[in-house]
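Reviewing the structure listed below.
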Number of protein chains: 2
Amino acid sequence: MTEPLFSPENTPTEEIPKLVKNQLQTLLENNNLEQAKSLLVSAQAVDIAEAIESLPESWQVIAFRLLSKEKAIDVYEHLDTTVQQALIEEFKRQEVIDIVGNMSPDDRVRLFDELPAKVVGRLREQMSPKEREKTALLLGYQENTAGRIMTPEYISLKENLTVGQALQQIKRLGKSSELVYYLYVTDKSRHLLGMVSLKDLVLTEPDTPLSDIITRDLISVSTETDQEEVARLIRRYDLIAIPVVDREARLVGVVTVDDVMDIVEQETTEDIYTLGAVQSEGDNYFQTNLIAVARKRVVWLMILLFTNTFTSGIIESQEDVLQERVALAAFIPLLIGTGGNVGAQSSTVVIRGLSTDQVRSLGFAKVVIREAIAGLLLGLMLGAIAMGWAYLLRKDLSVAIIVGSSLVAISMLASVTGTTLPFIFKFYKLDPALMSAPFITTVVDVLGVIIYFYIARLLLGL
Amino acid sequence: MTEPLFSPENTPTEEIPKLVKNQLQTLLENNNLEQAKSLLVSAQAVDIAEAIESLPESWQVIAFRLLSKEKAIDVYEHLDTTVQQALIEEFKRQEVIDIVGNMSPDDRVRLFDELPAKVVGRLREQMSPKEREKTALLLGYQENTAGRIMTPEYISLKENLTVGQALQQIKRLGKSSELVYYLYVTDKSRHLLGMVSLKDLVLTEPDTPLSDIITRDLISVSTETDQEEVARLIRRYDLIAIPVVDREARLVGVVTVDDVMDIVEQETTEDIYTLGAVQSEGDNYFQTNLIAVARKRVVWLMILLFTNTFTSGIIESQEDVLQERVALAAFIPLLIGTGGNVGAQSSTVVIRGLSTDQVRSLGFAKVVIREAIAGLLLGLMLGAIAMGWAYLLRKDLSVAIIVGSSLVAISMLASVTGTTLPFIFKFYKLDPALMSAPFITTVVDVLGVIIYFYIARLLLGL
């Protein structure tokens, strides 16, 4: 090898993952295992995981075995479940103990969730009783709750220590703990009394009683708290971690901010998919096969298509109006399209407002009135333009007036619909995001043609 | 007062903010300042800030003055800019020094960004030269970059220390530093050499040379890195903070994970607003007045309305087809509506994929082919249903065939459009999210009627 090896100092951060991937591939192709090993020493676990995922399957285990024991655990936690599973098939008994047995319990639970029961059973047998118990504890809680995503590997201190004694204890226990920056203080029955930060411990004289520096007014969650709520609290209170207590207020685990950031990304993707009427299950969309993709999407499309059959039914029933003025047909898409867009805007701000709490303080009535007025204002502006356009196109004043006034009415109604439907869904504990652009657009299509033909009949005296 | 006072132990976490708000209001109404003071001692800064914001303006400064000096800074940092500004008007010279002079520099910069230049000038005069310099440093960087959001208050250590000496230095400097969990190691000219965590320092014997435990392969960003990229890196590498270096690779600041979580929420809101064709400027939508709201929305609606005038123009030009079979008019909304929904689904997954990097590894061509096939599959399923419905409604086989086959073609084209437009926007460095449901729906309206009438002419032999 004459090429200069991996040199992160000179590489922009965003290029590093690709660099690791390419270099690892090249080194393995040339069977240069020594250099591959030293490349992996300096690279970050998440970059190594991505590099291994991109290798042909038969090379994955070879690359993985170049890692030091400690790093192997870290890299393994970052791998996709499919690759984790493929590696498990290759693992020897000792590797299972070393790696799966030493993963953080929360990552292990995520893996077990995906593996076939038979494989989980076999793995469980090879783990130490202590690790087995930790895993069972987390698996006992519902998915997407604090209990399921927490780690039981925290350090708890007793209140009667001095700061120096507390630091000694952390020195003893710190290695096997995922989080040492927040230390939780509990009584004999593990009830949560308060917290001290490692910062405070380091900055305080060693002979100070621990009880002098305990923060007692603590934000905590229960094992059943939804993971989105956990994320919201960590963000709101600028925390690095949040303690999880059971029904008896005993400390059972901790959720850390890095796990929460992954949850936030995953939940955002789900929200955005829902807003686009795509059913999501948290997996990588672009790695799902096309039949599954079509199946995921077709359900919503069918519901929307069904709703849209009303539109054609209504227009069909108004054929006499169209016979009278066939020109009216030309403006249907423009009217319902614009109405749909106005409704989509309202539903967008309301859905986001409901999920970020901005709406909570205002209340339903005020929000609807606000949006109705906004819809009216927009309708007046857009209606004037549409009227002008209709007159230019047809030189028929009655058609122009029908189009303009319909748009004002549709706009206002679209705003109110776009505001109300998310609230109704929220009230019935359904996801308000389901009432997003595609759905609102379709509902407004139905309402729009009713209004349009009603106004047409009125003004044409039919 | 006979009521039991604020008792967080018995209150569910999500109720606490409301409780603080109500209790503070009641205590101030009864002029019970002593109890109000003790309520504020135990409450969290962000909850106090919200409680103060909800008070009548004349009471805000009274409530604020009940806070201890240290807590006052913390609460002030959490207040809305409008309230911060109102309080500044009331502050005495000493309060400005105590509070504005002691805010974290990054929060101070956010405040200065919003205040009138005259007020900023006056405040600056009252600050210490050191704080003035820190503020000027941050204000020198562009908005939404790492330089602007970082804090210059980090601890840097020299490489030749022992672990014990490093801990001594942290004890001296820790109080005035925002972050002590990651300590950065620099050389004499402040070049970033590596990092040690406070965890490693505490867990290592005091006489170990610091250089033995330094992590040298460090993820860092430059002052010009976009804040979204900063957030992405902190999440990817599970960090608590990320160091910021200038062009000469000298350490100038640190961005912490709690600031990043706020940025992620703000950027998500902006993305979702853009997806719903609402222009966003990062402020609270529900506190903006209605004229501003209408102005923000009307721009996109006008563009969409303009696009939709083509739809009516096209239908108008095909009036001979409609004269021949007026029944065809009934299915226009159903066809273009469904096409719009299929297109919206494609654009949703592509837009999200572009912003989470899932698409990057696949490339444009593969994604388009995937979506085209998905669109075809969906079109076949939906087309069959639409054909059945059209036949039921009209008992006219030629109309039914026209509707069914149009939907297959529209569906496929909508998928391709919904996939391609975000990529084109990305290529021209525009926000792909602009090509979202409302826009795709409107474009598909135009394409849809063209396809529909083309197929109708073909099958009717016109």
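Letters A, B, ... are given to chains in the order of the sequence lines, protein chains preceding strands, and every chain is numbered from 1.
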Exercise. Under a 4.5 Å heavy-atom cut-off, does chain A meet the side chain of S317(B), its backbone, both or neither?
Worked result: neither
Problem set entry | Contact winner vs chain A - I332(B), V326(B), L377(B), heavy-atom pairs under 4.5 Å | V326(B)
For this session: Go through P438(B), A344(B), A294(B), P333(B) and name the one with the most non-hydrogen pairs under 4.5 angstrom from chain A.
Result: P333(B)
Seminar exercise, completed: When the 4.5 angstrom heavy-atom criterion is applied to D445(B) and chain A, the contacting part is side chain
Problem set entry | Contacting moiety of M302(B), where chain A heavy atoms sit under 4.5 Å | both
Exercise. Between Q44(A) and D217(B), is there a donor-acceptor pair closer than 3.5 Å when you use the side chain of the first and the backbone of the second?
Worked result: yes
Problem set entry | Electrostatic pair E319(B):R394(A) at N-O distance under 4.0 angstrom | yes
Exercise. Who pairs with I369(A) by side chain to side chain contact (heavy atoms under 4.5 Å, CB included), at least two apart in sequence or on another chain?
Worked result: I373(A)
Exercise. Once you round to the nearest 0.5 Å, how far does OG1 of T268(B) lie from CG of D271(A)?
Worked result: 9.0 Å
Problem set entry | Cationic N near anionic O, under 4.0 Å, D47(A) to R236(B) | yes
Problem set entry | V264(B) versus chain A, the contacting section by heavy-atom distance below 4.5 Å | side chain
Seminar exercise, completed: Turns out that what part of A249(B) lies under 4.5 Å from chain A's heavy atoms comes down to neither
For this session: Pick one of side chain, backbone, both or neither for V180(B), based on which atoms fall under 4.5 Å of a heavy atom in chain A.
Result: side chain
Seminar exercise, completed: On a heavy-atom basis, the closest approach of S415(B) and R297(A) is OG-NH1, 4.4 Å
Problem set entry | Residue V298(B) versus chain A: region with a heavy atom under 4.5 Å | both
Exercise. Where on L203(B) is there a heavy atom nearer than 4.5 Å to chain A: the side chain, the backbone, both, or neither?
Worked result: both
Exercise. Is any side-chain heavy atom of L304(B) closer than 4.5 Å to a side-chain heavy atom of T338(A)?
Worked result: no
Problem set entry | salt_bridge(E265(B), R232(A)) N-O dist < 4.0 Å | no
For this session: Over all heavy atoms of both residues, which pair between L393(A) and S312(B) is shortest? Give the atoms and the distance, please.
Result: CD2-O, 4.0 Å
Seminar exercise, completed: If one checks every heavy atom of L198(B) against chain A at 4.5 Å, the contacting part turns out to be both
Exercise. Checking V260(A) against chain B: side chain, backbone, both or neither under 4.5 Å from a heavy atom?
Worked result: side chain
For this session: Name the region of T442(B), side chain, backbone, both or neither, that has any atom closer than 4.5 Å to a heavy atom of chain A.
Result: side chain
For this session: Identify, with sequence neighbours excluded, every residue that meets side chain to side chain contact (heavy atoms under 4.5 Å, CB included) alongside A433(B).
Result: T274(B), L275(B), I351(B), D431(B)
